[in-house]
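Convention: sequence-line order gives letters A, B, ...; per-chain numbering from 1.
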Amino acid sequence: MQYWLMKSEPDEVSIDDLAKAPKQTVPWFGVRNYQARNYMRDQMQVGDLVFFYHSSCPEPGIAGIAKVSAPAHTDDTQFDVKSPYYDKASKKDSPRWACVDVKFVQKTDLMSLDQLREHKALEGMIVLKRGNRLSITPVSAPEWKFIAKKLMGVDLAA
DNA sequence: GCCAACGTTGGC
DNA sequence: GCCAACGTTGGC
């Protein structure tokens, strides 16, 4: 069981879109970076928990929680000529790109990038590192617990 | 829309 | 296998 942070552009798939999706589940299509693909293909397991992060938007930050609901499988968009994720170099008999399925768990108050940066406990987070562009990054158990506690709200903890 | 950072491509 | 050029990411 591991923890992850997955970036999505809310214009494409937001936490609300995930909540409204059939079975509240979407395939995490469109990853075209080998390291991120390898995380999905080699390390992610069903049941792993995910911070759903909104990127490239007015308020970047963690917007909710999801979980991995299916192991890595072929990303169909690589063969779709009309998709922005089409990859003409990918062969049907040896697909280059894979993705897991992700299922909605809950929406949370946004924990913004600025807020994430405020906490010493989170300074090691990969997503906060200068120049980081990886769309999928592992989250340590202490980081997960720290953030989850904030997201669940001070009121509930009191 | 800018641009720093960094991954990928392709010529050699 | 080096590395310059190019393309993409993503915060601002």
Side-chain angles (χ1 to χ4, degrees), chain A residues 2-21 25-44 48-68 71-140 142-144 146-151:
Chain A
Q2 287 183 257
Y3 302 105
W4 304 94
L5 181 144
M6 300 175 86
K7 295 180 189 173
S8 181
E9 300 189 13
D11 284 350
E12 184 155 35
V13 182
S14 69
I15 188 73
D16 291 326
D17 295 331
L18 183 62
K20 284 182 291 191
T25 298
V26 295
W28 204 261
F29 61 84
V31 169
R32 295 294 179 265
N33 168 282
Y34 290 106
Q35 199 176 347
R37 178 204 66 182
N38 292 348
Y39 281 141
M40 289 197 283
R41 191 188 61 187
D42 305 332
Q43 292 191 234
M44 282 191 177
D48 281 3
L49 288 167
V50 174
F51 287 134
F52 193 106
Y53 181 96
H54 285 174
S55 71
S56 295
C57 59
E59 284 193 296
I62 293 170
I65 294 172
K67 66 182 176 186
V68 176
H73 54 82
T74 300
D75 177 347
D76 294 326
T77 62
Q78 71 196 295
F79 300 121
D80 179 356
V81 183
K82 282 173 285 188
S83 167
Y85 302 114
Y86 177 64
D87 181 355
K88 67 177 190 297
S90 183
K91 301 281 188 295
K92 279 265 186 188
D93 54 2
S94 63
R96 180 179 289 185
W97 305 111
C99 61
V100 297
D101 285 355
V102 166
K103 184 175 168 67
F104 179 80
V105 173
Q106 68 178 93
K107 186 178 178 177
T108 63
D109 287 344
L110 187 89
M111 187 157 176
S112 71
L113 187 55
D114 284 347
Q115 288 173 290
L116 291 169
R117 289 193 201 283
E118 283 171 12
H119 300 292
K120 186 97 175 154
L122 303 179
E123 68 184 7
M125 285 190 80
I126 297 166
V127 75
L128 302 182
K129 298 242 155 105
R130 178 183 175 81
N132 167 69
R133 300 183 340 187
L134 251 190
S135 63
I136 299 176
T137 52
V139 173
S140 75
E143 288 161 357
W144 178 276
F146 184 92
I147 296 170
K149 199 170 178 179
K150 298 271 179 204
L151 293 178

Exercise. Applying side chain to side chain donor-acceptor pair (under 3.5 Å), name anything that partners A:Ser112, two or more places apart in sequence or on another chain.
Key: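 Listed in chain order: A:Gln115.
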
Self-check item: Worked check of salt bridge (charged side-chain N to carboxylate O under 4.0 Å, His left out) between A:Asp87 and A:Arg32
Solution: CA-CA 9 Å; A:Asp87 181 355; A:Arg32 295 294 179 265; 5.3 Å; no

Exercise. Using the side-chain contact (heavy atoms from CB on, under 4.5 Å) rule, take A:Met44 and A:Ile136 through it: C-alpha gap first, then chi angles, then the decisive distance, then the call.
Key: CA-CA 11 Å; A:Met44 282 191 177; A:Ile136 299 176; 3.7 Å; yes

Quiz item: With respect to A:Trp97, which candidate in A:Tyr34, A:Trp28, A:Phe29 satisfies the ring-ring contact (aromatic ring centres under 6.0 Å, His included) definition?
Solution: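 Testing each of A:Tyr34, A:Trp28, A:Phe29 against A:Trp97, the sole residue satisfying ring-ring contact (aromatic ring centres under 6.0 Å, His included) is A:Tyr34.
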
Quiz item: Quick one: how far along DNA chain C does chain A reach, first to last nucleotide 5' to 3', anything under 4.0 Å to a heavy atom?
Solution: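 Listed 5' to 3', the contact boundaries are C:dG7 to C:dC12.
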
Practice problem: Assess whether atom CD of A:Glu59 is packed by more than 12 heavy atoms of other residues, nucleotides or ligands within 6.0 Å. | Solution: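 Not buried by this count: 12 neighbours or fewer within 6.0 Å.
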
